Number of protein chains: 2
Amino acid sequence: MTLRSHAGSSARAGGASRTAAKLARSIPEATVARLAVYLRILGELAEQGADTVSSEELAAATGVNSAKLRKDLSYVGSYGIRGVGYEVVPLHHEIERTLGLDQKQAVALIGVGNLGHALAGYGGFGGRGFPVTAMFDVDPDIVGIRINGILVDHVRDISAVCAARGVTIGMIATPGSAAQAVCDQLVDAGVECILNFAPVVLQVPDRVEVRKVDLAVELQILAFHVARRRVAGTDGSEPAKGATNGSVVLPR
Amino acid sequence: MTLRSHAGSSARAGGASRTAAKLARSIPEATVARLAVYLRILGELAEQGADTVSSEELAAATGVNSAKLRKDLSYVGSYGIRGVGYEVVPLHHEIERTLGLDQKQAVALIGVGNLGHALAGYGGFGGRGFPVTAMFDVDPDIVGIRINGILVDHVRDISAVCAARGVTIGMIATPGSAAQAVCDQLVDAGVECILNFAPVVLQVPDRVEVRKVDLAVELQILAFHVARRRVAGTDGSEPAKGATNGSVVLPR
DNA sequence: GCTACTTTGTGCGTGCCTTCACAAGCGGCT
DNA sequence: AGCCGCTTGTGAAGGCACGCACAAAGTAGC
Ligand SMILES: NC(=O)c1ccc[n+]([C@@H]2O[C@H](COP(=O)([O-])OP(=O)(O)OC[C@H]3O[C@@H](n4cnc5c(N)ncnc54)[C@H](O)[C@@H]3O)[C@@H](O)[C@H]2O)c1
Ligand SMILES: NC(=O)c1ccc[n+]([C@@H]2O[C@H](COP(=O)([O-])OP(=O)(O)OC[C@H]3O[C@@H](n4cnc5c(N)ncnc54)[C@H](O)[C@@H]3O)[C@@H](O)[C@H]2O)c1
């Protein structure tokens, strides 16, 4: 099992129900998100010199159910050894390949304000295959400066610069009022994946994928749980660890 | 695929059970995340002087299915008028109440580095009921400075300061290596909700809820789609419909 | 080679979330 | 008043994800 086909796409084993096709192996979105987390832990384990890791250990480290983890890993292929566990390095490599991280993605950052500066200076991106290769702003005090050696260009040049540098992912960190216009420019430039930090809902063509990071929403969700907890605390009903039910109780 | 929203990051922390409290009502986690988005749009509509809004309009503005939106709103009560739509202001008010935003939550920020500075200076929090009322760091150059009038304290004082200012939510923006220790201190201080920006999986007691914002994971998910799209492009399989998504996904 | 033990890979039941479709309700028009 | 058109609220169905539990498959010991 260890020396499985390597080049081949290892078209998932056995009586795969998938109508096969060379690739079509669709991976659940939820799994993709977790794979990225496994990847980070595997990287740490590799640095520590770990050779193999069991699903149980990896699950504990990433905070997921071990069965779920094994199922997730089964989507990238069978890289485990029964009775032993998973080989850290090969698995890490294979997840990278599955997520498409073997090919670097050039990232463009639009809006180099408070948040933009933090993002631009963050080493966690380039180190993981996402070099910020282009930056844009409209503020004349910002356009022209360099951050990590990259020049901040004027937004009017988005199209040309992105095309020239092969940008595939755009990060929008402008004020909300400018986000849609910036987004449109990115789309015109051919960018098909956008990470949006502005608190607006972007309208894009079907072919473009948008993910949104909305900190205010995150806080509101937490606030909701604080409030719920408070009320629950007053009636003495025990929080109980019952079902891993995703729902939530609320006063009315 | 774009639509995959899902919001349920978070740790499933303390069992959010349905211990049927007398006046309790269970709201799906996914709905809570979307309510926060509706809320923002409703706020904008109110500013523009809109009187009512139909589920179809609001759905278009927030990028969700109108049936889903109506079902979401049905959890907060029946505030719609058939044949007309929803009254903007009363609905806005009611969602706020439902999410527990009528009571302000004091937020503590730990780690005032690049990202921390951006978060500290962000007006979008205080303006929405989440004033940053305490900040902490270990760097002697940072401890003692003021941001927006708030003094940055030393981490050793987390417990005392948080208790004194009634902090209910903690935001961790320290390097990953320090995150768990900081988290433990917050937990000791009685904080039960944590928003974590560090790329580590925090271990917390069941009663504590953790949500994680992991930008590297977000980018990796986008990268996956870029890669998938590239391959798919060769065989002509369909792209994926667009829309918008909610927030971040993460397990626990 | 055989047995005992460990861990993977997955079939399957369960439950949440989404979406469709439509009856019920409301305002306006005649 | 009565009818009409529009929109809400929700029952029901389908899909997806989770997690249990177990057979398969490998290692270790004798
Ligand atoms: N700072 C935070 O912690 C934080 C948190 C959550 C969300 N956000 C969101 O992130 C976005 C940026 O926040 P910020 O605090 O960095 O704001 P900021 O005002 O500091 O920075 C915005 C930057 O965008 C630039 N800009 C304005 N219009 C532009 C345009 N049309 N094209 C290109 N650049 C343009 C400005 O010159 C400025 O440099 C906002 O939408 C904000 O709501 C920020
Ligand atoms: N900057 C970004 O855009 C970005 C993006 C994604 C994730 N992150 C994550 O956010 C975290 C912070 O990033 P950053 O760029 O602001 O890093 P940074 O190094 O600029 O800031 C970290 C701050 O934490 C402080 N700190 C260190 N140890 C501490 C401790 N034990 N207690 C309290 N404070 C302590 C440091 O003094 C520093 O001020 C990191 O975990 C990083 O991975 C940052």
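Keep in mind it's a predicted model, so treat the numbers as computed, not measured. Order of the sequence lines fixes the chain letters, A, B, ..., with proteins taken first and strands second; residue numbering starts at 1 for each chain.
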Polar contact flag, side-chain donor to acceptor under 3.5 angstrom, B:T168-B:Q105: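 Yes, B:Q105 and B:T168 have a side-chain donor paired with an acceptor closer than 3.5 Å.
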
Check the side chains of B:Q220 and B:H225 for a donor-acceptor pair under 3.5 angstrom, ignoring hydrogens and angles. no

Which residues pass the salt bridge (Lys or Arg N to Asp or Glu O under 4.0 Å) test with A:R128, sequence neighbours left out?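 So A:R128 forms no salt bridge (Lys or Arg N to Asp or Glu O under 4.0 Å) with any residue.
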
With A:E192, which residues qualify under salt bridge (Lys or Arg N to Asp or Glu O under 4.0 Å), at least two apart?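 Only A:R207, B:R229 meet the salt bridge (Lys or Arg N to Asp or Glu O under 4.0 Å) criterion with A:E192.
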
Which atom pairs link the protein and nucleotides 26-30 of chain C when you take only N or O atoms and keep those under 3.5 Å?
| residue | atom | partner | partner atom | Å |
| --- | --- | --- | --- | --- |
| C:dC26 | O4' | B:R82 | O | 3.3 |

Quick one: ring-ring contact (aromatic ring centres under 6.0 Å, His included) partners of B:F197, sequence neighbours excluded?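 Partners of B:F197 by the ring-ring contact (aromatic ring centres under 6.0 Å, His included) criterion come out as none, since no residue qualifies.
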
Check: A:D184 side chain, A:D188 main-chain N or O, donor-acceptor pair, under 3.5 Å: no

Between A:R97 and A:D102, is the closest basic N to carboxylate O distance under 4.0 Å?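 Salt bridge absent between A:D102 and A:R97.
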
5'-most by nearest nucleotide on DNA chain D - B:S55 or A:R70: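 Nearest-nucleotide comparison on DNA chain D picks B:S55.
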
Just to confirm, is there a sub-4.0 Å distance from OP1 or OP2 of C:dG9 to any side-chain nitrogen or oxygen of A:Y86?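 Yes.
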
Is any side-chain N or O of A:R34 closer than 4.0 Å to OP1 or OP2 of D:dC18?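 It does, given that an N or O in the side chain of A:R34 lies less than 4.0 Å from OP1 or OP2 of D:dC18.
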
When you match B:N65 and A:G85 each to their closest nucleotide on DNA chain C, which lands nearer the 5' end?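 With B:N65 and A:G85 compared, the 5'-side residue is A:G85.
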
Which residue pairs pass the salt bridge (Lys or Arg N to Asp or Glu O under 4.0 Å) test when at least one of the two sits in residues 47-67 of chain B, sequence neighbours left out? none

Closest to side chain of B:A30, choosing from D:dT10, C:dT10, C:dT18: C:dT18

If you restrict it to nitrogen or oxygen atoms, what contacts under 3.5 Å exist between nucleotides 11-14 of chain C and the protein, and what is each distance?
| residue | atom | partner | partner atom | Å |
| --- | --- | --- | --- | --- |
| C:dG11 | O6 | A:K71 | NZ | 3.1 |
| C:dC12 | N4 | A:K71 | NZ | 3.2 |

